[in-house]
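By convention in this document, chain letters (A, B, ...) are assigned in the order of the sequence lines, proteins followed by strands, and residues within each chain are numbered from 1.
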Number of protein chains: 2
Amino acid sequence: MKGGAVMEPREAYPITYSILGLLAIWGPLSGYDIKRLFDHMLSSMWGAAQSQIYKELRRMREIGWVEMEREEQESRPDRKLYSITAEGLSALRKWQTQPPEVFQLRDEMLLKMLFGSFARSADLAQSLRASIAEHETRLLVYRQNTQAIAGAFPRGDKRYNPYSDENAEDPYFGLVTHFAVEFEKTYLRWLYEALELVESREKPAPSDMGES
Amino acid sequence: MKGGAVMEPREAYPITYSILGLLAIWGPLSGYDIKRLFDHMLSSMWGAAQSQIYKELRRMREIGWVEMEREEQESRPDRKLYSITAEGLSALRKWQTQPPEVFQLRDEMLLKMLFGSFARSADLAQSLRASIAEHETRLLVYRQNTQAIAGAFPRGDKRYNPYSDENAEDPYFGLVTHFAVEFEKTYLRWLYEALELVESREKPAPSDMGES
DNA sequence: CGGGACATGTAACGCGTTACATGATTAA
DNA sequence: TTAATCATGTAACGCGTTACATGTCCCG
């Protein structure tokens with residue numbers, strides 16, 4: 001026997017803390033609610049499949065970080081409402097103390113450009129334009145959100161509304177949104193720059209039919 | 001039977017194309033070489049464990065995107081040198097044509113700040129300072145790399161040197177590095193801003209016991 | 001004489017993704 | 001009548017990570 005220390009699995013991951021945070025703010029939530037919050041609030045920073053959320057909630061309940069209460073309904077599956085426990089809150093706080101792990105960008109567009117010398121310029125330009133369109137849209141959405149957002153959740157259902165008045169005062173939301181906007185601006189500037197470079201190489205010989 | 005269409009697994013992932021790109025540029029490489037290139041060049045955008053690289057190379061060889069030649073050595077395991085094939089190059093090019101998938105930041109620091117209202121300000125400040133230190137270092141490294149880099153690979157072994165003269169002319173490397181620098185600058189600006197916010201809440205009443 | 005570089009691998013494990021399943025209600 | 005919303009789940013699968021294994025050469 002060498003070490004003998006059997007590594008026990010980590011008990012938490014970013015998605016765990018995301019869910020804890022959402023529960024801490026918006027109180028008892030169902031898996032379905034959490035999925036919606038992910039899609040509306042965290043989509044640009046952390047995705048989560050519906051199936052994963054349900055799985056994770058079950059696991060979190062087993063380790064006592066959340067508790068569940070069943071809300072009975074007719075003609076629909078019962079809502080299972082999850083709340084954060086004291087242990088869960090303390091885990092969230094502890095995580096926030098720890099130094100962050102090494103960050104990796106993991107953006108395919110960067111990889112594509114890194115090996116740009118192998119691609120046809122027209123192909124790269126196409127990818128770049130698609131990327132530009134997407135990020136312009138994002139930027140627009142962020143800006144709309146940070147401004148007039150009363151109508152985002154038309155029913156006035158505060159439970160699902162990350163922009164309701166009670167949260168408007170939270171300076172941390174604004175801070176993170178501000179980063180998202182600054183990031184998109186930086187990224188877009190670069191995309192346009194990249195497109196310029198690519199286009200300048202696209203037609204070095206405008207009407208020249210014969211090549212070496 | 002409903003659909004009947006059995007989904008066949010994707011045949012390529014970002015790591016696949018990363019390896020293809022590296023092979024396309026730096027010609028026959030061993031798994032060990034590729035690991036080093038990942039660590040030196042792609043560490044900030046795409047990590048890869050050594051075991052995964054070997055696994056992926058085997059898979060890529062099975063689908064004919066790379067070919068392998070054994071270089072015999074005494075007193076060390078033989079080097080297995082991989083090269084990109086015509087099929088591999090065409091797969092790389094095809095990938096570069098396709099519009100990029102939806103990008104997600106996946107940075108834990110952003111999550112921590114998003115739920116900042118639950119943490120002690122001092123804890124957040126600590127995390128932020130650690131993050132600042134790391135990103136300042138990164139920025140420094142990028143800048144050193146883009147300037148005088150002749151000595152990075154002291155042996156003059158061109159095979160491992162991403163900064164050798166023959167690649168210095170590749171404008172795409174410069175483009176991506178430029179983004180990395182701009183990103184770090186934007187991120188750092190935000191981190192300092194966040195730190196300011198957090199510190200302003202750390203001691204709301206310096207020597208003032210009664211307020212408003 | 002211990003530690004790093006060189007060089008290859010195997011085994012275990014889980015997060016995250018994709019797909020499938022069910023079924024009532026409401027809106028276009 | 002078709003589709004979206006509400007609301008829960010299960011099953012399969014693999015990338016990516018962590019840990020372990022082996023053995024030589026070379027440097028301080």
Side-chain angles (χ1 to χ4, degrees), chain A residues 1-19 29-36 38-39 42 46-60 68 70-82 101-102 104 106 108 153-155 157 159-160, chain B residues 1-19 29-36 38-40 42 46-60 68 70-82 101-102 104 106 153-155 157 159-160:
Chain A
M1 280 162 233
K2 280 290 174 61
V6 178
M7 221 217 358
E8 55 201 276
R10 294 178 57 182
E11 66 178 356
Y13 302 83
I15 199 188
T16 320
Y17 297 115
S18 303
I19 293 175
L29 293 170
S30 70
Y32 194 83
D33 295 338
I34 291 170
K35 171 61 174 158
R36 292 172 94 236
F38 260 95
D39 291 346
L42 300 177
W46 223 285
Q50 174 252 41
S51 67
Q52 197 195 353
I53 290 171
Y54 285 110
K55 223 195 302 177
E56 187 65 13
L57 281 171
R58 196 157 42 227
R59 203 183 62 84
M60 290 164 78
M68 188 264 282
R70 190 175 291 265
E71 189 186 74
E72 300 199 10
Q73 293 190 131
E74 312 155 358
S75 82
R76 243 189 257 279
D78 294 351
R79 281 167 58 85
K80 292 182 171 181
L81 289 173
Y82 291 88
E101 85 304 1
V102 179
Q104 288 175 11
R106 289 180 176 262
E108 280 198 34
F153 287 79
R155 272 185 262 207
D157 187 347
R159 201 176 42 187
Y160 300 142
Chain B
M1 281 166 224
K2 281 289 174 61
V6 178
M7 221 221 352
E8 54 200 278
R10 293 178 58 182
E11 67 178 355
Y13 304 83
I15 198 189
T16 321
Y17 297 114
S18 302
I19 293 176
L29 293 171
S30 69
Y32 193 84
D33 295 338
I34 291 170
K35 170 61 173 158
R36 292 172 94 237
F38 260 96
D39 290 347
H40 284 277
L42 300 176
W46 223 286
Q50 175 252 40
S51 67
Q52 196 195 354
I53 290 171
Y54 285 110
K55 223 194 302 177
E56 186 67 11
L57 281 171
R58 197 159 38 229
R59 203 182 63 82
M60 290 164 78
M68 189 264 281
R70 189 175 292 266
E71 189 187 73
E72 299 199 11
Q73 291 191 131
E74 313 154 359
S75 81
R76 242 188 257 280
D78 294 351
R79 280 167 59 87
K80 292 182 171 180
L81 290 173
Y82 292 88
E101 85 303 1
V102 179
Q104 288 175 12
R106 288 179 177 265
F153 287 77
R155 271 185 261 204
D157 186 347
R159 202 175 41 189
Y160 300 142

Exercise. Tell me, please, which residues at least two apart from A:A12 pass side chain to side chain contact (heavy atoms under 4.5 Å, CB included).
Key: A:T16, A:Y17, A:W65
Quiz prompt | With A:R76 via side chain to side chain contact (heavy atoms under 4.5 Å, CB included) - residues at least two apart | solution = A:Q73
Practice problem: Note down the inter-axis angle between the two ends of the helix from C:dC1-D:dG28 to C:dA28-D:dT1, five pairs each, to the nearest 10°. | Solution: 40°
Exercise. Take atom CD1 of A:I53 and atom P of C:dG16, then tell me their distance rounded to the nearest Å.
Key: 11 Å
Practice problem: Rounded off to whole Å, could you give me the CG-to-P distance for the A:L29 and D:dT8 pair? | Solution: 11 Å
Quiz item: Which whole-number value in Å describes the distance from B:D39 CG to D:dT17 P?
Solution: 11 Å
Exercise. To the nearest 0.5 angstrom, please state how far the CD1 atom of A:I19 sits from the CD1 atom of A:I34.
Key: 5.5 Å
Quiz prompt | Set of residues satisfying side-chain hydrogen bond (donor to acceptor under 3.5 Å, both in side chains) with respect to B:Q104, sequence neighbours excluded | solution = B:R106
Practice problem: Applying side chain to side chain contact (heavy atoms under 4.5 Å, CB included), name anything that partners B:S51, two or more places apart in sequence or on another chain. | Solution: B:A49
Self-check item: Between D:dC15 (P) and B:I19 (CD1): distance, integer Å
Solution: 11 Å
Quiz prompt | Distance in angstrom units between A:E71 CD and D:dC6 P, rounded | solution = 14 Å
Quiz item: Given atom OH of A:Y13 and atom P of D:dT18, what is their separation to the nearest angstrom?
Solution: 10 Å
Polar atoms only, N or O, under 3.5 Å: list the protein pairs with nucleotides 9-12 of chain C and their distances.
{"residue": "C:dG9", "atom": "OP1", "partner": "B:K80", "partner atom": "NZ", "Å": "2.3"}
{"residue": "C:dG9", "atom": "N7", "partner": "B:Q50", "partner atom": "OE1", "Å": "3.4"}
{"residue": "C:dG9", "atom": "N7", "partner": "B:Q50", "partner atom": "NE2", "Å": "3.4"}
{"residue": "C:dG9", "atom": "O6", "partner": "B:Q50", "partner atom": "OE1", "Å": "3.4"}
{"residue": "C:dT10", "atom": "OP2", "partner": "B:R58", "partner atom": "NH1", "Å": "3.3"}
{"residue": "C:dT10", "atom": "OP2", "partner": "B:R58", "partner atom": "NH2", "Å": "3.1"}

Quiz item: Can you list the residues that meet the side-chain hydrogen bond (donor to acceptor under 3.5 Å, both in side chains) rule with A:D78, with sequence neighbours excluded?
Solution: none
Practice problem: Let me know the distance between CZ of A:F38 and P of C:dC15, rounded to the nearest Å. | Solution: 14 Å
Exercise. Measure the NZ-CD distance between B:K80 and B:E71 for me, rounded to the nearest 0.5 Å.
Key: 13.5 Å
Quiz item: Measuring from A:R79:CZ to A:R70:CZ, what's the distance to the nearest 0.5 Å?
Solution: 13.0 Å
Practice problem: Go through the structure and list residues passing side chain to side chain contact (heavy atoms under 4.5 Å, CB included) with A:Q50, not counting sequence neighbours. | Solution: A:K35, A:Y54
Quiz item: Rounded to the nearest 0.5 Å, what separation is found between the CD1 atom of A:I15 and the CD atom of A:Q52?
Solution: 3.5 Å
Practice problem: Would you please name every residue forming a side-chain hydrogen bond (donor to acceptor under 3.5 Å, both in side chains) with B:R58, sequence neighbours left out? | Solution: none
Self-check item: Nearest-Å distance for atom pair CH2/C1', residues A:W46 and C:dG16
Solution: 12 Å
Exercise. Specify the residue among B:R59 and B:A49 whose closest nucleotide of DNA chain D lies further upstream toward the 5′ end.
Key: B:R59
Using the 3.5 Å cut-off, write out each protein N or O paired with an N or O of nucleotides 24-27 of chain C and the distance between them.
none

Exercise. Would you tell me if any nitrogen or oxygen in the side chain of A:Q73 comes within less than 4.0 Å of OP1 or OP2 on D:dA7?
Key: yes
